[in-house]
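Here's the structure, in structure tokens; my notes come after.
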2 protein chains.
Amino acid sequence: MAARLDPAECAECLCLASRRAARAITRSFDRRLRPHGVRATQLTILIALILYGPGSIGALAEGLGIERTTLTRNLALLEAARWIRIRPGEDARSRLVEITKRGRAKAEAALPAWRSAQAATVAAISLAAAEALRALAQRPIP
Amino acid sequence: MAARLDPAECAECLCLASRRAARAITRSFDRRLRPHGVRATQLTILIALILYGPGSIGALAEGLGIERTTLTRNLALLEAARWIRIRPGEDARSRLVEITKRGRAKAEAALPAWRSAQAATVAAISLAAAEALRALAQRPIP
DNA sequence: CGGCGATAGATGTAGATACACATATCGGAT
DNA sequence: ATCCGATATGTGTATCTACATCTATCGCCG
């Protein structure tokens, strides 16, 4: 039989805390990126492709800490916008994702808005919290 | 003209970090909660209703740091499962959300799994990071 | 060469998220 | 009494997320 709910214990829920923080931060980024017609999640993918070069869908998903099947859907939208290109990979199973000129231009145009959102977030949560959040995001959760 | 992308700068993206952390933590919670047929997001709402009592949709959304319209959709699923009840509120505009006996029983049955996920997350990210995350989630992001 | 586990990815289904907009009601000012 | 801004909520649309399952291909072992 489960014990009764303890308010102090349940108020500490890390799933709520992490999702709540992500929602708030994403809203802030999306608001600033809206004039550029790109979502924070999409810009993240474009930046990853610029920084770490073309790669397979699985490798990109791994790098972003996202489900591979989720990334497949996200990439379809970016491909429709011609911000990325998906070509056949080394063998007939894999596919290679790479950013296009249009995608690179879009990411660079959105960079000032991205910086503004980043700065606003750091100011809101403190530099120490920002560093803690980055470190935390690297860790696998069993 | 936007400056060129700086790898060090872009790797610090807080939107990516927060979403990545939330995805990983949510997957961990959902995996453990699956035998109970309840999602982490749903359990969060049930717990909030237990701890803070019945209230309007807007007040609940505010408390959870979630968009009101998002909560409306989430509540529809909980209502269909008969875990919550939505009644007319004080005036004809507002509605009152409250947990049902079934909902309370479901939340209490899932509590051990929730505790297990919570403990696994704390162990993975460290107690200090957990506290930082909780504090961070409280802050509004402009 | 043929089979078989491993690998890479796509699809079906379901839920979470949020903005723009629409609806209904309330309460105070005239 | 009526009008009008404020309040509380629902709906249309689009995107993000992920598990279960499917298809295709690869590489190895006999």
Side-chain angles (χ1 to χ4, degrees), chain A residues 15-16 18-35 37-46 55-62 64-81 83 86-97 141, chain B residues 15-16 18-35 37-46 55-62 64-81 83 86-97 141:
Chain A
C15 188
L16 171 59
S18 65
R19 293 184 70 83
R20 187 175 178 160
R23 282 193 300 261
I25 293 174
T26 301
R27 280 194 296 261
S28 173
F29 273 70
D30 274 344
R31 193 173 343 111
R32 286 157 214 266
L33 290 173
R34 189 157 322 124
V38 62
R39 304 282 215 96
T41 46
Q42 301 172 339
L43 184 57
T44 295
I45 296 173
L46 295 181
S56 74
I57 294 180
L60 185 56
E62 174 79 14
L64 292 171
I66 202 178
E67 258 296 301
R68 183 182 47 74
T69 60
T70 300
L71 184 59
T72 295
R73 323 275 172 146
N74 294 350
L75 290 180
L77 295 170
L78 301 184
E79 193 180 24
W83 293 337
I86 304 184
R87 295 185 303 157
E90 301 227 333
D91 67 42
R93 291 171 300 180
S94 75
R95 307 211 294 157
L96 196 74
V97 187
I141 313 287
Chain B
C15 189
L16 170 59
S18 66
R19 293 184 70 83
R20 186 175 179 160
R23 281 193 299 262
I25 293 174
T26 301
R27 280 194 296 262
S28 173
F29 274 69
D30 274 344
R31 193 172 343 110
R32 287 158 214 267
L33 290 173
R34 188 157 323 123
V38 61
R39 305 284 214 93
T41 47
Q42 301 172 339
L43 183 57
T44 294
I45 295 173
L46 295 181
S56 73
I57 294 179
L60 186 56
E62 173 79 13
L64 292 171
I66 201 179
E67 257 295 302
R68 182 188 49 77
T69 60
T70 300
L71 184 59
T72 294
R73 323 272 173 151
N74 294 350
L75 290 179
L77 295 171
L78 301 184
E79 193 180 24
W83 292 337
I86 303 184
R87 295 186 303 158
E90 300 228 333
D91 67 43
R93 291 171 300 179
S94 76
R95 309 210 296 155
L96 196 74
V97 187
I141 313 287

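Chain naming here is simple, since letters A, B, ... match the order of the sequence lines and numbering starts at 1 in each.
Contact check, B:Arg39 against C:dG15: no side-chain N or O comes under 4.0 Å of OP1 or OP2. B:Asn74 has a side-chain polar atom (N or O) that falls below the 4.0 Å cut-off from OP1 or OP2 of C:dT17. For B:Thr70, no side-chain nitrogen or oxygen approaches OP1 or OP2 of C:dA16 to under 4.0 Å. Contact between the side-chain N/O atoms of A:Thr72 and the OP1/OP2 oxygens of C:dA10 is found at a separation under 4.0 Å.
We find that CG of B:Leu71 is positioned 15 Å from P of D:dA8, with the value rounded to whole Å. Regarding A:Phe29, its CZ atom lies at a distance of 19 Å from the C1' atom of C:dC19, rounded to whole Å. In this structure, the CD1 atom of B:Ile86 is 11 Å from the C1' atom of D:dG10, given to the nearest Å. Computed from coordinates, the A:Arg34 CZ to C:dA18 C1' distance equals 9 Å when rounded to whole Å. When rounded to the nearest whole Å, the span between CD1 of B:Ile141 and P of C:dA18 equals 13 Å. Counting to the nearest Å, the P atom of C:dA10 and the CG atom of A:Leu60 are 12 Å from each other. Whole-Å rounding puts the A:Ile57 CD1 to D:dA18 P distance at 16 Å. Atom CG of B:Asp30 is separated from atom P of D:dA20 by 11 Å (rounded to the nearest Å).
In this structure, CG in B:Leu33 is found 5.5 Å from CG in B:Leu43, a value given to the nearest 0.5 Å. Note that CG of A:Leu64 and OG1 of A:Thr70 are 11.0 Å apart. Values are rounded to the nearest 0.5 Å. Atoms CD1 and CD1, from B:Ile66 and B:Ile57 in turn, are 12.0 Å apart once rounded to the nearest 0.5 Å.
Residues A:Thr69 and A:Asp91 each lie close to DNA chain C; by heavy-atom proximity, the contact nearer the 5' end of the strand is made by A:Asp91. Ranked by how close their nearest DNA chain D nucleotide is to the 5' end, B:Arg31 and B:Ala59 are led by B:Ala59.
In this structure, of C:dA18, D:dA20, C:dT11, it is C:dA18 that holds the atom nearest to the side chain of B:Ile66. Distance from the side chain of B:Arg93 is smallest for D:dT7 among the nucleotides D:dC16, C:dA10, D:dT7. With distances taken from any side-chain atom of B:Arg95 to the nucleotides D:dT9, D:dG12, D:dA20, the minimum falls on D:dT9. Out of D:dT9, D:dC19, D:dT25, the shortest distance to the side chain of A:Ala92 is found at D:dT25. Looking at the side chain of A:Arg73, the nearest of the listed nucleotides C:dT11, D:dC26, D:dG10 is C:dT11.
Among the atoms of the strands shown, only primed sugar atoms or phosphate atoms (P, OP1, OP2) are found under 4.0 Å from some heavy atom of A:Ser94. Nucleic acid contact for A:Ser56: sugar-phosphate only, since backbone atoms but no base atoms lie under 4.0 Å from a heavy atom of the residue. When heavy atoms are screened at a 4.0 angstrom cut-off, A:Arg19 is found touching the sugar-phosphate backbone but no base atom. Among the atoms of the strands shown, only primed sugar atoms or phosphate atoms (P, OP1, OP2) are found under 4.0 Å from some heavy atom of B:Arg23. Counting any heavy atom pair closer than 4.0 Å across all strands shown, B:Thr41 reaches sugar-phosphate atoms only and no base atom.
Between the B:Asn74 side chain and the B:Leu77 main chain, no donor and acceptor come within less than 3.5 Å of each other. Counting only distance, with no hydrogens or angles, the side chain of B:Thr72 and the backbone of B:Arg68 share a donor-acceptor pair below 3.5 Å. The main-chain N or O of A:Gly65 is found under 3.5 Å from a side-chain atom of B:Arg23 such that the two form a donor-acceptor pair.
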